[in-house]
Amino acid sequence: RPLEMSAKKPVPFLRQVVSVTKKVHRDPRFDDLSGEYKPEIFMKTYSFLDSIKKREKEMIQKQLKKCRNVEQKEKLQQLLNRMTQQEQAQKKQQKLRERELSLKRQRRQLAKQGKKPFFLKKSEKRKLELAEKYAELKRSGKLESFLNKKRKRNAIKDKRRLPSQK
């Protein structure tokens, strides 16, 4: 059994302490040993997950059609919505990445021709994205409804800013 020590006696200055080697935890997200994160390589490596997610989504849709329980149906609907939102976000990110890559290629070509590289400001990038969004909405025929919603939202904001009249 462990040795009992008197509380009245002072602890010796040089006492024997057994050192325990501490485990070093390694987070692969921030460690250099794991390599550098490149989204293109990551997407190529884990592209098989897209097909799995697609199958899961189809399964959930089938379950949703068969389901009679209201609570279960709500849960499945939420899950389906989340999956579609994740899919849309992934597509949006992919488009953004492709746009950045095309801009890089254009800059490289200009540099090869001997011209000075030109970098867009954030505000100009935003304007280009907005123009692209409007063009996409126009193609799909949803531009008018989008603009109406935007007008209504702005009108509500303007009403809030106005001083209340009593």
Side-chain angles (χ1 to χ4, degrees), residues 25 27-32 34-166:
H25 296 287
D27 193 344
R29 295 173 297 172
F30 309 112
D31 201 355
D32 292 332
S34 302
E36 195 176 322
Y37 173 69
K38 293 181 181 173
E40 296 83 24
I41 295 170
F42 182 84
M43 292 303 289
K44 282 179 188 174
T45 310
Y46 294 101
S47 60
F48 67 93
L49 289 176
D50 293 333
S51 60
I52 294 170
K53 284 180 182 177
K54 193 175 183 180
R55 272 187 269 139
E56 285 179 355
K57 192 176 174 183
E58 288 170 0
M59 259 180 31
I60 290 169
Q61 285 174 336
K62 286 177 185 175
Q63 285 178 359
L64 192 66
K65 285 180 183 176
K66 289 178 185 176
C67 190
R68 298 279 180 246
N69 190 357
V70 179
E71 290 176 20
Q72 188 71 22
K73 204 168 191 175
E74 274 183 31
K75 283 183 182 177
L76 287 171
Q77 188 64 46
Q78 285 177 350
L79 185 62
L80 189 66
N81 289 342
R82 195 170 106 230
M83 289 177 93
T84 52
Q85 284 175 351
Q86 284 175 348
E87 202 175 287
Q88 287 172 350
Q90 194 175 12
K91 284 179 183 176
K92 190 178 179 182
Q93 210 171 24
Q94 184 67 28
K95 272 187 177 181
L96 189 70
R97 215 176 287 122
E98 285 173 7
R99 192 182 305 123
E100 290 292 324
L101 283 171
S102 66
L103 286 171
K104 268 187 184 178
R105 285 189 200 109
Q106 286 177 355
R107 282 192 213 115
R108 281 193 194 125
Q109 286 176 352
L110 290 172
K112 282 180 183 176
Q113 293 172 5
K115 294 180 182 174
K116 196 174 180 182
F118 176 73
F119 297 97
L120 290 171
K121 294 178 191 172
K122 258 189 182 177
S123 59
E124 290 171 350
K125 280 183 186 177
R126 239 181 272 127
K127 283 178 187 174
L128 285 173
E129 285 176 27
L130 195 64
E132 196 173 298
K133 184 179 178 181
Y134 279 111
E136 181 66 36
L137 285 167
K138 196 171 189 178
R139 263 182 273 152
S140 62
K142 297 176 183 175
L143 181 66
E144 204 56 46
S145 63
F146 175 78
L147 288 174
N148 285 336
K149 283 180 187 176
K150 201 165 184 78
R151 278 189 210 106
K152 283 180 185 176
R153 233 180 280 135
N154 287 339
I156 291 168
K157 282 182 187 177
D158 290 342
K159 279 184 184 177
R160 278 197 204 124
R161 287 191 189 119
L162 287 174
S164 60
Q165 296 173 355
K166 292 179 182 178

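Here the structure is a predicted model, which is why all the values come from computation and not from measurement.
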Does a side-chain heavy-atom distance below 4.5 Å link [X] with [Y]?
X	Y	result
Arg99	Leu128	no
Tyr134	Leu147	yes
Ile52	Arg55	yes
Tyr37	Arg29	no
Glu87	Lys91	yes

Looking at every heavy atom in both Arg107 and Phe118, which two are closest together, and how far apart are they?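 Looks like NE-O, 3.2 Å.
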| message | Using every non-hydrogen atom in the two residues, find where Lys73 and Cys67 come nearest and quote the distance to one decimal. | response |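 Of all heavy-atom pairs spanning Lys73 and Cys67, the closest is N-SG, 3.8 Å.
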For the atom pair [atom1] ([X]) and [atom2] ([Y]), what is the distance rounded to the nearest 0.5 Å?
X	Y	atom1	atom2	value
Asp27	Asp31	CG	CG	8.0 Å
Gln90	Gln88	CD	CD	11.5 Å
Lys112	Gln109	NZ	CD	7.5 Å
Leu64	Gln72	CG	CD	10.0 Å
Gln85	Leu80	CD	CG	10.5 Å
Arg82	Lys57	CZ	NZ	13.0 Å

Does the side-chain contact (heavy atoms from CB on, under 4.5 Å) test come out yes or no for Lys54 and Glu58, once each step is laid out?
-> CA-CA 6 Å; Lys54 193 175 183 180; Glu58 288 170 0; 4.2 Å; yes
### Message
Looking at Lys95 and Glu98, is there a salt bridge between them, counting it only when a charged N and a carboxylate O are closer than 4.0 Å?
### Response
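The answer is no: the pair does not qualify as a salt bridge.
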### Task
Using a strict 4.0 Å threshold on nitrogen-to-oxygen distance, state whether Asp158 and Arg161 make a salt bridge.
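Salt bridge: yes.
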- Message: Walk me through whether Leu79 and Lys75 qualify under side-chain contact (heavy atoms from CB on, under 4.5 Å).
- Response: CA-CA 6 Å; Leu79 185 62; Lys75 283 183 182 177; over 6 Å; no
Q.
Show, in sequence, the C-alpha distance, side-chain angles and deciding distance for Glu100 and Lys125, and conclude whether the side-chain contact (heavy atoms from CB on, under 4.5 Å) test is met.
A. CA-CA 10 Å; Glu100 290 292 324; Lys125 280 183 186 177; 3.8 Å; yes
Glu71 atom CD, neighbour heavy-atom count above 12 within 6.0 Å =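 Atom CD in Glu71 is not crowded, with 12 or fewer foreign heavy atoms closer than 6.0 Å.
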Within 6.0 angstrom of Phe48 CZ, more than 12 heavy atoms from elsewhere: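 It does: Phe48 CZ has more than 12 such atoms within range.
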May I have the step-by-step check of side-chain hydrogen bond (donor to acceptor under 3.5 Å, both in side chains) for Arg151 and Asn148, ending in yes or no?
CA-CA 5 Å; Arg151 278 189 210 106; Asn148 285 336; 2.7 Å; yes
Let's go through Glu136 and Arg139 carefully: what are the C-alpha distance in whole Å and the side-chain angles of both, what is the deciding distance for salt bridge (Lys or Arg N to Asp or Glu O under 4.0 Å) to 0.1 Å, and is it a yes or a no?
CA-CA 5 Å; Glu136 181 66 36; Arg139 263 182 273 152; 3.3 Å; yes
Stepwise, does the side-chain contact (heavy atoms from CB on, under 4.5 Å) test hold for Gln61 with Lys65? CA-CA 6 Å; Gln61 285 174 336; Lys65 285 180 183 176; 5.6 Å; no
Answer yes if the side chains of Gln94 and Arg97 hold a donor-acceptor pair under 3.5 Å, and no otherwise.
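A donor-acceptor contact under 3.5 Å links the two side chains.
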